[in-house]
Amino acid sequence: MGAQLRVYKRRIRSVTATKKITKAMEMISASRIVKAQRAVAASTPYADELTRAVTAVATRSTAKHPLTTENPNATRAAVLLITADRGLAGGYSTNAIKQSLALAARLREEGKEVVTFIVGRKGVGYYGFRNLEVANSWTGFSDKPTYGDAKTVAADLIEAFTAETGGVDELHLVSTEFVSMLTQNAIDKRLLPLRLDEVELSDGAAAKNQIFPLYDFEPSAEGVLDALLPRYVESRIYNALLQSAASEHAARRRAMKSATDNAGELIKSLTRLANSARQAEITQEISEIVGGANALADASAGSE
C-alpha cells in the first residue's frame with residue numbers, strides 16, 4: 001500500500017511540473033499574439049496602397065507582363081506552404097499541411113506538376129519523413145518574421161516564375177489566416193499570375209473596383225510593373241507570414257491552456273487516489289494494531 005501511495009505522489013509532482021511549463025508557455029504566447037497583431041496592422045496600409053498601385057497599372061494600360069498574363073497551357077505550379085518551426089501549437093501546422101496537400105491534388109487533377117516550397121520546420125519534417133520532393137525551404141523565423149525574410153522567400157519564387165526554362169507557370173500560397181483569438185483558418189490563394197478580379201484590399205473591397213486617377217507611366221507601363229509586382233509579391237508573402245505567426249501564437253496559447261487545465265484535473269484525480277490510498281493504509285494499520293492487541297489479550301487470558 002505504501003508503494004502505491006509513493007507512485008501517486010511521484011506522478012503528482014511530475015504533472016505539477018508539467019503544468020508550470022504549460023502555464024508559462026501559455027502566458028508567453030499570449031504576450032506574443034499582441035505583438036504579432038500589431039505587426040499585421042502596421043503592414044496593412046502599405047500592402048493596400050501597393051495593391052492599388054499594381055491594380056491601377058494593370059487595369060489602366062495595355063501592357064503585357066508575365067506576372068499578369070495567364071498561360072493557357074500551364075503545366076507547372078509552385079506552392080508555398082507556411083508552417084511553424086516549433087510544435088505544441090495544436091493543429092496549426094497540420095491544418096496548413098492538409099490544405100497544401102488538397103491544393104496539390106487539385107492542381108494535379110488539372111494536369112499540372114506541383115513544385116513545393118516550404119517555410120517552417122514542421123512542414124519540412126513532414127515532407128522529409130515521407131520522401132516528398134521540396135524545391136526549397138526556409139526555417140527559423142516562423143514565429144517572428146521580418147520583411148527581409150519575406151523578401152528572401154519571394155526572390156526564389158519570382159525567379160522560378162520568370163525563368164525561361166524549367167520555371168513555373170503559377171504561384172500559389174498556403175498560409176493560416178488570423179481571424180480571432182479562437183479562430184484561425186488555413187487558406188490557399190493564387191498569387192501569380194495576378195487575377196485582378198480576385199485582388200482584395202484588407203477591408204474586403206475588390207481592388208479592381210476602386211476609383212483611380214489618370215496616370216502617366218514613366219518610362220513605360222511595363223517598367224512600372226517590373227518594379228511594382230515583385231514588391232507586391234513580397235508584401236503578400238510578408239502579410240501571410242505575419243498572419244501565420246499570429247495564428248501560431250494563438251493556437252499555441254489555446255493548446256497550452258487546454259494542457260494546463262487537463263493537468264489541473266489530473267492532479268485533482270491523482271490527489272483523490274492518493275488520499276484513498278493513504279486512508280486505506282491508515283485503516284490497515286489500525287486493523288493490525290487492534291488485531292495485535294486482541295491477540296495479546298487472548299494470550300494473557302489463556303495463561304491465567
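Scope of the values below: all heavy atoms of this structure, side chains included, with no hydrogens, waters or symmetry mates.
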Undergrad: Closer than 3.5 angstrom, by distance alone: can the side chain of Ser269 be matched with the main-chain N or O of Glu265 as a donor-acceptor pair?
TA: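 Looks like no, no N/O pair under 3.5 Å.
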Undergrad: Looking at Asn95 and Asn185, would you say the former's side chain and the latter's main chain have a donor-acceptor pair under 3.5 Å?
TA: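 The answer is no, because no donor-acceptor pair under 3.5 Å joins these two groups.
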Undergrad: Taking atom CG of Leu81 and atom OG of Ser137, what is their separation to the nearest 0.5 Å?
TA: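 Rounded to the nearest 0.5 Å, the CG-OG separation comes out at 11.0 Å.
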Undergrad: Do the side chain of Thr183 and the main chain of Val179 share a donor and acceptor less than 3.5 angstrom apart?
TA: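 No, the answer is negative, given that no donor and acceptor are paired below the 3.5 Å cut-off.
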Undergrad: For Lys23 versus Thr260, what's the shortest heavy-atom pair and its separation?
TA: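 Scanning both residues, the minimum pair turns out to be N-OG1, 3.4 Å.
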Undergrad: Without swapping roles, check the side chain of Thr83 against the backbone of Val119 for a donor-acceptor pair under 3.5 Å.
TA: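 Yes, Thr83 side chain to Val119 backbone: donor-acceptor pair under 3.5 Å.
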Undergrad: Is it true that a side-chain atom of Ser14 and a backbone atom of Arg11 form a donor plus acceptor pair closer than 3.5 Å?
TA: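 Judged by distance alone, no pair lies under 3.5 Å.
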Undergrad: To the closest 0.5 Å, what do you measure between CG (Leu191) and CZ (Phe161)?
TA: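 Reported to 0.5 Å precision, the distance equals 10.0 Å.
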Undergrad: Do side-chain atoms of Ser93 reach the backbone of Ala84 as a donor and acceptor pair under 3.5 angstrom?
TA: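 Yes.
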Undergrad: Begin from the C-alpha positions of Arg32 and Ile28 and carry the test side chain to side chain contact (heavy atoms under 4.5 Å, CB included) through to its verdict.
TA: CA-CA 6 Å; Arg32 289 180 176 177; Ile28 292 172; 3.6 Å; yes
Undergrad: If you measure from NZ on Lys144 to CG on Leu241, what distance do you get to the nearest 0.5 Å?
TA: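 Rounded to the nearest 0.5 Å, the NZ-CG separation comes out at 14.5 Å.
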Undergrad: Let me check something: do Tyr46 and Tyr232 share a hydrophobic cluster, defined by ILVMFWY side-chain heavy atoms less than 4.5 Å apart, either directly or through other members?
TA: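 Yes, it is one cluster - the side chains of Tyr46 and Tyr232 are joined through contacts under 4.5 Å.
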Undergrad: For the CG atom of Asn262 and the NZ atom of Lys19, what is their distance to the nearest 0.5 Å?
TA: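 Going from CG on Asn262 over to NZ on Lys19, the span is 11.0 Å.
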Undergrad: Does a donor on one side chain and an acceptor on the other come within less than 3.5 Å for Tyr147 and Glu234?
TA: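 Looking only at side-chain atoms, Glu234 and Tyr147 do form a donor-acceptor pair, the distance falling under 3.5 Å.
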Undergrad: For a quick check under 3.5 Å, do Thr146 and Asp149 share a side-chain donor-acceptor pair by atom type?
TA: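 Yes, Asp149 and Thr146 have a side-chain donor paired with an acceptor closer than 3.5 Å.
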Undergrad: Using atom types as modelled and distance alone, determine if a side-chain donor or acceptor of Ser258 lies under 3.5 Å from a backbone N or O of Ala255.
TA: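 Absent.
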Undergrad: Indicate the atoms forming the closest heavy-atom contact of Ala39 with Leu242, along with that distance.
TA: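 In terms of heavy atoms, the two residues are closest at O-CD1, 3.5 Å.
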Undergrad: For residues 242-253, pull every pair meeting side chain to side chain donor-acceptor pair (under 3.5 Å), keeping only residues two or more places apart or in separate chains.
TA: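 As it turns out, the side chain to side chain donor-acceptor pair (under 3.5 Å) pairs with a partner in residues 242-253, which skip direct neighbours, are Ser142-Glu248, Glu248-Arg252.
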Undergrad: Under 4.5 Å between side-chain heavy atoms, hopping through other hydrophobics if needed: is there a path connecting Val15 to Leu273?
TA: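 Yes, Val15 connects to Leu273 through the hydrophobic network.
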Undergrad: Validate the cation-pi geometry between Arg130 and Tyr126: distance from NZ or CZ to the six-membered ring centre under 6.0 Å, angle to the ring axis within 45°.
TA: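 Cation-pi check for Arg130 and Tyr126: passes.
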Undergrad: Do Phe141 and Val153 have side chains that approach each other closer than 4.5 Å (heavy atoms only, starting at C-beta)?
TA: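 SC-SC contact between Phe141 and Val153 confirmed.
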Undergrad: Angle class for the Phe117/Trp138 ring planes (parallel below 30°, perpendicular above 60°, tilted otherwise)?
TA: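 Ring orientation of Phe117 relative to Trp138: parallel.
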Undergrad: At their closest point, which heavy atom of Ala77 faces which heavy atom of Leu107, and how far apart are they?
TA: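 Between these two residues, the closest heavy atoms are CB-CD1, 3.9 Å.
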Undergrad: Surrounding CD of Glu110 (heavy atoms of other residues, nucleotides or ligands, distance under 6.0 Å), is the total greater than 12?
TA: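 More than 12 within 6.0 Å, yes.
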Undergrad: Would you check if Ser100 and Tyr127 make a side-chain contact, meaning some heavy-atom pair closer than 4.5 Å?
TA: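 A side-chain contact exists here, since the closest heavy-atom pair is under 4.5 Å.
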Undergrad: Can you hop from Val114 to Leu192 via hydrophobic side chains spaced under 4.5 Å?
TA: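 Shared cluster, no.
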Undergrad: About how many Å separate CD1 of Ile97 and CG of Leu101, when rounded to the nearest 0.5 Å?
TA: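 Those atoms lie 7.5 Å apart.
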Undergrad: Show your working on side chain to side chain contact (heavy atoms under 4.5 Å, CB included) between Leu132 and Thr116 and close with a plain yes or no.
TA: CA-CA 9 Å; Leu132 300 176; Thr116 305; over 6 Å; no
Undergrad: Do Tyr92 and Phe178 belong together in a cluster built from hydrophobic side chains that touch within less than 4.5 Å?
TA: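 No, separate clusters.
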Undergrad: Could you measure the distance from the CZ atom of Arg278 to the OG1 atom of Thr271? Nearest 0.5 Å is fine.
TA: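 Arg278 CZ to Thr271 OG1: 15.0 Å, rounded to 0.5 Å.
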Undergrad: Does Asp143 reach the side chain of Arg86, with side-chain heavy atoms less than 4.5 Å apart?
TA: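 The answer is yes; the side chains approach within 4.5 Å.
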Undergrad: Stepwise, does the salt bridge (Lys or Arg N to Asp or Glu O under 4.0 Å) test hold for Glu113 with Arg76?
TA: CA-CA 5 Å; Glu113 178 187 354; Arg76 301 187 81 208; 3.3 Å; yes
Undergrad: Minimum heavy-atom separation for Tyr238 and Pro145, please, with both atom names.
TA: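 Shortest heavy-atom contact: CE1-O, 4.1 Å.
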Undergrad: Indicate if Ile118 and Val233 have the same hydrophobic cluster label, given that clusters are the connected sets of ILVMFWY residues with side-chain heavy-atom separations under 4.5 angstrom.
TA: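 In one cluster with Ile118: Val233, no.
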Undergrad: Give me the atom names and distance for the closest heavy-atom approach of Gly120 to Asp85.
TA: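 Looking at all heavy atoms of both residues, the shortest contact is CA-OD1, 3.3 Å.
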Undergrad: Are any side-chain N or O atoms of Gln184 and backbone N or O atoms of Ser180, one a donor and one an acceptor, separated by less than 3.5 Å?
TA: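 Pair found, side chain donor or acceptor close to backbone of Ser180.
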Undergrad: Please evaluate residues Glu170 and His172 with respect to the criterion side chain to side chain contact (heavy atoms under 4.5 Å, CB included), reporting the C-alpha separation (whole Å), side-chain torsions for both, the decisive distance (0.1 Å), and the verdict.
TA: CA-CA 7 Å; Glu170 296 177 0; His172 297 261; 2.8 Å; yes
Undergrad: For salt bridge (Lys or Arg N to Asp or Glu O under 4.0 Å), just list the numbers for Arg106 and Asp188, CA-CA rounded to whole Å, side-chain angles, deciding distance to a tenth of an Å, and then say yes or no.
TA: CA-CA 12 Å; Arg106 191 165 68 246; Asp188 65 83; 3.2 Å; yes
Undergrad: Is the shortest side-chain heavy-atom distance between Lys189 and Ile187 below 4.5 Å?
TA: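 In contact.
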Undergrad: Carefully, step by step, assess Val79 and Val174 under the rule side chain to side chain contact (heavy atoms under 4.5 Å, CB included).
TA: CA-CA 7 Å; Val79 175; Val174 178; 3.9 Å; yes
